[in-house]
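One structure is given here, and the rest of the page talks about it.
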Number of protein chains: 2
Amino acid sequence: MDARITIGQLAKATDTKAVTIRYYESAGLLSPVTRTQGGYRLYTDRERDRLIFIKRARHLGLSLEDVKSLLGLADDENAPCRQVDSIIHEQLERVRSRLKDLQQLERELDRLEQCCQADTVADCKIIESLSR
Amino acid sequence: MDARITIGQLAKATDTKAVTIRYYESAGLLSPVTRTQGGYRLYTDRERDRLIFIKRARHLGLSLEDVKSLLGLADDENAPCRQVDSIIHEQLERVRSRLKDLQQLERELDRLEQCCQADTVADCKIIESLSR
DNA sequence: GCTTGACCCTATAGCGGCTAGAACCTTCAT
DNA sequence: ATGAAGGTTCTAGCCGCTATAGGGTCAAGC
């Protein structure tokens, strides 16, 4: 336990790119425990778990800012769960709103696609529809 | 007819910001017919219509690159409609794929939201789920 | 003709979340 | 001692705008 791994090993272990890990560091999400004399970043299981947490949260579509908040809350056992809830809830609302937009878009594109049987742009209903 | 309007008037007429119009110009989508001696851009109805076309296409979620292609096709009466179709079709596919992802996401977020009734982060199922 | 104020100009930097590249340094096995 | 593999920092690019700074132009009213 407490084994130290380099950024490349951490990257492989979590299926992340090393550049992305460095980027998360610059964004204040994940720091190496220490460095070698030559400046190589070193990580432990703790950071690996943290990175997995980050990836799962990102997979939910959360912004890095939200992920940062979640990490802060996760670090404090006494933090009110309500704040976690509200981050998730707001994301759910964003996703639902985006879904509505996309469904509307799908209908429009589908209608457009259906309506054109022409050969040339001169008779193209799609172009016509965009030009009105 | 053939009245010349400034960028601000075009912006108001099409509900676009002047900076955005300039940006479209820099992207090769829309140029003023001419300029005043002092360098002010001047537009006619033709550019207004073109900008409306751009806005409609953007509203369909098309990239500026795609919009540019559509404009090129629209300018050529003899261009094959097939190319227009395929731009629309590919966009529809992208939208459908994104819809699938988002629906999956909605389910995950919904599940997460349901499962947490705790007071503090120590018992929070959401955090637990992210940490596993 | 002159001033005022609304409008316009260019150039540059920033957003988010990475990704790519250059130019260099470290580590480790042989 | 050497060479390959992997690490370092820094800078710039992607998309589609948006914001800011620091200036110039235009039309109207006096």
Side-chain angles (χ1 to χ4, degrees), chain A residues 3-43 47 51 53-71 87 90-91 94-95 98 101 105, chain B residues 3-43 47 51 53-71 87 90-91 94-95 98 101 105:
Chain A
R4 306 273 157 105
I5 58 173
T6 65
I7 198 168
Q9 292 166 326
L10 178 60
K12 202 166 281 180
T14 57
D15 195 26
T16 315
K17 288 175 183 165
V19 275
T20 304
I21 296 174
R22 282 188 211 105
Y23 177 70
Y24 287 162
E25 183 177 344
S26 80
L29 293 179
L30 183 72
S31 303
V33 263
T34 182
R35 298 228 186 186
T36 65
Q37 284 195 330
Y40 280 29
R41 290 166 176 82
L42 292 176
Y43 304 89
E47 286 72 45
L51 181 50
F53 184 106
I54 294 170
K55 291 206 86 188
R56 292 214 177 100
R58 286 288 300 139
H59 178 74
L60 294 174
L62 294 166
S63 69
L64 289 189
E65 219 30 61
D66 276 349
V67 177
K68 205 168 167 180
S69 303
L70 280 183
L71 283 168
I87 289 174
E90 276 167 32
Q91 177 65 5
R94 275 190 292 270
V95 166
R98 187 91 185 90
D101 291 350
L105 206 49
Chain B
R4 306 273 157 104
I5 57 174
T6 63
I7 198 169
Q9 291 166 326
L10 177 60
K12 202 168 280 180
T14 58
D15 195 27
T16 314
K17 289 175 183 166
V19 276
T20 304
I21 297 175
R22 280 187 213 107
Y23 176 71
Y24 287 161
E25 183 177 344
S26 79
L29 294 180
L30 182 73
S31 303
V33 263
T34 184
R35 298 228 186 185
T36 66
Q37 284 196 329
Y40 279 29
R41 290 168 177 82
L42 291 177
Y43 303 89
E47 285 72 45
L51 181 49
F53 184 106
I54 294 170
K55 290 206 87 188
R56 292 215 178 100
R58 286 289 299 138
H59 177 75
L60 294 176
L62 293 166
S63 69
L64 289 189
E65 220 28 62
D66 277 349
V67 177
K68 205 168 166 181
S69 303
L70 281 182
L71 283 168
I87 288 173
E90 276 168 31
Q91 178 64 6
R94 275 190 293 269
V95 166
R98 187 90 185 92
D101 291 351
L105 206 49

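Reminder, nothing fancy here: chain letters follow the sequence lines and each chain counts from 1.
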Side chains of B/Glu90 and B/Asp66 in contact at under 4.5 Å (non-hydrogen atoms) = no
A/Leu42 CG to C/dT27 C1': how many Å, rounded?
-> 11 Å
Provide, to the nearest angstrom, the distance between the OH atom belonging to B/Tyr40 and the C1' atom belonging to C/dC7.
-> 5 Å
Comparing B/Gly39 and A/Leu64 on DNA chain C - which has the more 5′ nearest nucleotide = B/Gly39
Is any side-chain heavy atom of B/Lys68 closer than 4.5 Å to a side-chain heavy atom of B/Leu71?
-> no
Separation of C/dG17 C1' from A/Asp66 CG (nearest whole Å) = 14 Å
Could you tell me whether the phosphate oxygens of C/dT10, OP1 or OP2, come under 4.0 Å of any side-chain nitrogen or oxygen in B/Arg35?
-> yes
Is any side-chain N or O of A/Thr36 closer than 4.0 Å to OP1 or OP2 of C/dT27?
-> yes
Side-chain contact test, heavy atoms from C-beta onward, threshold under 4.5 Å: evaluate it for B/Thr14 versus B/Tyr43 and give yes or no.
-> no
Report the C-alpha distance between A/Lys55 and A/Asp15 in whole Å, list the side-chain angles of each, state the deciding distance to 0.1 Å, and finish with yes or no for side-chain contact (heavy atoms from CB on, under 4.5 Å).
-> CA-CA 9 Å; A/Lys55 291 206 86 188; A/Asp15 195 26; 4.2 Å; yes
For the pair made of CG in A/Leu51 and P in C/dC18, what is the distance, rounded to whole Å?
-> 11 Å
Send over the distance from B/Glu25 CD to C/dC9 P, rounded to a whole Å.
-> 9 Å
Measure from NE2 on A/His59 to P on C/dG17 and round the result to the nearest Å.
-> 16 Å
Contact summary for A/Val67 and A/Leu29, nearest pair of heavy atoms = C-CD2, 4.5 Å
Residue pair B/Ser63/B/Gln37 against DNA chain D: nearer the 5' end by closest nucleotide is B/Ser63
Note, A/Arg4 side chain near A/Thr34 side chain (heavy atom, < 4.5 Å) = yes
5' to 3' on DNA chain D, which nucleotides open and close the contacts with chain B (atom under 4.0 Å from a heavy atom)?
-> D/dG16 to D/dC26
For B/Lys17 against B/Ala11, the heavy-atom pair lying closest together = C-CB, 4.3 Å
Pull out every residue in residues 10-24 of chain B that has a heavy atom closer than 4.0 Å to any atom of DNA chain C, ordered by number, or say none.
-> B/Arg22
Is any side-chain heavy atom of B/Val95 less than 4.5 Å from a side-chain heavy atom of B/Gln91?
-> yes
Report yes if some heavy atom in the side chain of A/Ile5 is under 4.5 Å from a heavy atom in the side chain of A/Leu42; otherwise report no.
-> no
